[in-house]
Number of protein chains: 2
Amino acid sequence: MTGSLSRSTDSGAGPAARRSDATRTAILAAARERFAADGYERATIRAIAKDARIDPSMVMRYFGSKEGLFAAAVALDLRLPDLTQVERDEVGRALVQHFLGLWEENEELTAVLRVGATNQAGAERMQGIFRDQLLPVARQVCPDPEQVPARAALCASQLLGLALTRYVLRFAPTVALRPEEIVAWLAPTVQRYLAAPSP
Amino acid sequence: MTGSLSRSTDSGAGPAARRSDATRTAILAAARERFAADGYERATIRAIAKDARIDPSMVMRYFGSKEGLFAAAVALDLRLPDLTQVERDEVGRALVQHFLGLWEENEELTAVLRVGATNQAGAERMQGIFRDQLLPVARQVCPDPEQVPARAALCASQLLGLALTRYVLRFAPTVALRPEEIVAWLAPTVQRYLAAPSP
DNA sequence: TATGTTTGCCAACAAGCGTTGACCAACGCG
DNA sequence: CGCGTTGGTCAACGCTTGTTGGCAAACATA
């Protein structure tokens with residue numbers, strides 16, 4: 001009941017490092033992996049707990065529910081670059097390159113895409129990412145403000161389509177493509193969607 | 001409700017129209033709807049049976065298992081046009097138009113896409129559709145036979161990306177686009193992926 | 001040492017799932 | 001009429017799921 005959480009080793013800046021932090025991050029890592037591999041429904045709390053080598057009830061204690069765990073596991077920040085600093089006719093290439101790098105190293109993105117395809121809450125989360133992160137960047141580049149949503153949406157369709165076929169559906173020819181090839185093919189597309197005059 | 005044709009009037013050609021055919025198709029329709037709306041795991045046999053107003057056990061009798069039902073519900077034929085009959089620089093537009101028409105009228109495609117994102121068997125089914133239906137068409141148009149798989153894969157990424165954002169994730173700006181706009185934007189992309197010299 | 005808080009495991013719950021088999025009501029036909 | 005086939009319901013099975021509460025150690029503080 002006491003709110004006091006003073007610790008002997010709490011020296012100065014930042015919150016004290018609790019013993020449970022290790023388990024917490026272990027759970028989150030296992031959750032990301034499972035969500036990415038299996039999607040929301042088939043990624044069971046029991047399996048995640050087994051991966052993290054703790055009891056399923058701990059997951060509930062730390063994250064309240066399965067939805068809470070998912071929300072905590074995939075807190076997505078695309079870290080999109082500031083396109084005002086990029087040459088006007090290079091924004092397409094910059095965006096594709098950035099996205100590809102994200103997907104290659106980060107399995108959260110596969111998780112959120114897989115869940116977005118199954119789950120209503122997941123879809124809404126993706127809508128939020130699109131609205132809060134991609135739309136503003138598109139606004140920096142698009143000529144006509146009124147066309148920003150449509151153009152950003154077209155970019156999303158191409159970028160997510162690549163991610164879908166390469167990381168989720170695993171089409172053989174798409175998986176075989178080297179990153180440079182992908183950039184070379186997709187950059188002009190994204191460039192046109194973003195900045196070229198409308199057809 | 002049954003509208004059953006009498007067996008005695010079974011005149012010659014084709015198998016007799018059984019009374020159960022109505023239920024069968026009702027189950028399939030309900031299954032398509034549920035799979036499209038909920039994905040594989042959350043589309044329960046019980047819910048499908050309730051939609052079709054019959055007992056869950058009937059689904060098992062007719063289709064053996066949930067996987068059997070899914071296989072029967074989404075037997076996918078894209079009916080892709082013969083691109084050798086189309087002007088060389090119009091194949092992009094033709095393909096986009098055809099795909100868009102399919103998606104707009106046919107919820108099987110949403111179902112198979114949603115399931116492909118969750119389910120291993122679903123993903124393999126999509127790989128098969130790509131291999132057996134899109135690849136051959138690309139072979140009709142691509143200049144260099146060696147590039148056919150990569151080029152077809154790029155087309156798939158754009159077309160499926162559109163379907164994903166429009167019909168599954170339901171991004172507002174993508175949903176708002178009129179079909180003609182989509183064709184106008186995507187046709188040049190697909191055209192370039194298929195037939196333009198590699199970058 | 002004594003006390004209260006963390007951290008964790010265990011066993012169980014209620015609900016929902018796919019699936020099965022027993023049983024019943026029509027129907028077609030001799 | 002009687003009888004086999006068909007179309008259908010019902011009740012249950014075994015299992016897995018998310019979730020809960022109790023209890024025992026480990027630890028921190030006094």
Side-chain angles (χ1 to χ4, degrees), chain A residues 1-11 15-28 30-31 34-35 38-73 115 118-122, chain B residues 1-11 15-28 30-31 34-35 38-73 115 118-119 121:
Chain A
M1 287 294 191
T2 74
S4 75
L5 38 84
S6 64
R7 297 177 92 65
S8 53
T9 57
D10 186 3
S11 53
R18 306 177 156 268
R19 270 194 312 129
S20 60
D21 286 356
T23 11
R24 229 188 188 85
T25 61
I27 294 174
L28 287 177
R34 284 282 176 179
F35 280 132
D38 300 337
Y40 187 81
E41 336 285 339
R42 309 206 342 186
T44 69
I45 286 191
R46 284 169 150 92
I48 292 168
K50 181 176 267 186
D51 286 0
R53 272 188 270 270
I54 45 88
D55 191 88
S57 62
M58 298 300 294
V59 178
M60 304 302 296
R61 244 234 273 280
Y62 286 156
F63 301 99
S65 69
K66 186 178 182 180
E67 280 211 25
L69 171 63
F70 176 72
V115 174
T118 339
N119 195 266
Q120 180 60 27
Chain B
M1 184 197 290
T2 59
S4 75
L5 311 172
S6 85
R7 307 281 265 295
S8 50
T9 59
D10 180 13
S11 51
R18 305 175 158 271
R19 272 192 310 129
S20 60
D21 287 354
T23 342
R24 234 191 182 81
T25 60
I27 293 174
L28 287 176
R34 283 283 177 178
F35 281 132
D38 299 340
Y40 188 80
E41 337 286 338
R42 307 205 346 185
T44 69
I45 287 193
R46 285 170 149 91
I48 292 168
K50 180 175 269 186
D51 286 1
R53 273 190 270 268
I54 44 89
D55 192 88
S57 62
M58 297 301 294
V59 178
M60 305 300 298
R61 250 240 271 278
Y62 287 157
F63 301 100
S65 68
K66 187 177 181 179
E67 280 211 26
L69 171 63
F70 177 72
V115 175
T118 340
N119 196 265

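Lettering of chains follows the sequences in order, A, B, ..., and the numbering in each one begins at 1. All heavy atoms count here, side chains included; hydrogens, waters and symmetry mates do not. No experiment lies behind these values; they were computed from the predicted model shown.
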Exercise. Grab the CD-P distance between Glu41(B) and dG16(C) for me, whole Å please.
Key: 18 Å
Quiz prompt | Sugar-phosphate only, base, or nothing, as touched by Phe63(B) at under 4.0 Å among non-hydrogen atoms | solution = nothing
Quiz item: Are the side chain of Lys50(B) and the backbone of Ile45(B) linked by a donor-acceptor contact shorter than 3.5 Å?
Solution: no
Practice problem: Take the protein atom NZ of Lys66(A) and the nucleotide atom C1' of dT16(D), then report the distance between them rounded to whole Å. | Solution: 12 Å
Self-check item: Polar side-chain contact Arg61(A)-dG8(C) base: donor and acceptor under 3.5 Å
Solution: yes
Quiz item: Rounded to the nearest 0.5 Å, what separation is found between the CZ atom of Phe70(B) and the CZ atom of Arg34(B)?
Solution: 16.0 Å
Quiz item: Just how far, in rounded Å, is P of dC10(C) from NZ of Lys50(A)?
Solution: 13 Å
Self-check item: Value in whole Å for how far the C1' atom of dA25(C) lies from CE of Met58(B)
Solution: 13 Å
Quiz item: To the nearest Å, how far apart are Tyr62(B) OH and dT19(C) P?
Solution: 17 Å
Self-check item: Atom pair distance, as rounded to whole Å: CG in Asp38(B) and C1' in dG16(C)
Solution: 15 Å
Quiz item: Among dT20(C), dT19(D), dC9(C), which is the nearest nucleotide to the side chain of Ser65(A)?
Solution: dT19(D)
Practice problem: Round to a whole Å and report the spacing from CG of Asp55(B) to P of dG7(D). | Solution: 15 Å
Exercise. Measure the OG1-CZ distance between Thr23(A) and Arg53(A) for me, rounded to the nearest 0.5 Å.
Key: 13.0 Å
Self-check item: Distance, rounded to the nearest Å, where Arg34(B) contributes CZ and dC17(C) contributes C1'
Solution: 15 Å
Quiz item: Closer to the 5' end of DNA chain D via nearest nucleotide, is it Ser57(B) or Arg42(A)?
Solution: Ser57(B)
Quiz item: Taking OP1 and OP2 of dG7(D), is either one under 4.0 Å from a side-chain nitrogen or oxygen of Thr23(B)?
Solution: no
Practice problem: Locate the shortest heavy-atom distance separating Tyr40(B) from Asn119(B); write the atom from each residue and the value. | Solution: CD2-ND2, 3.7 Å
Quiz item: Mapping Arg46(A) and Pro56(A) onto DNA chain C by nearest heavy atom, which one lands closer to the 5' end?
Solution: Pro56(A)
Practice problem: Working to the nearest 0.5 Å, report the span between CE of Met58(B) and CD1 of Ile48(B). | Solution: 14.5 Å
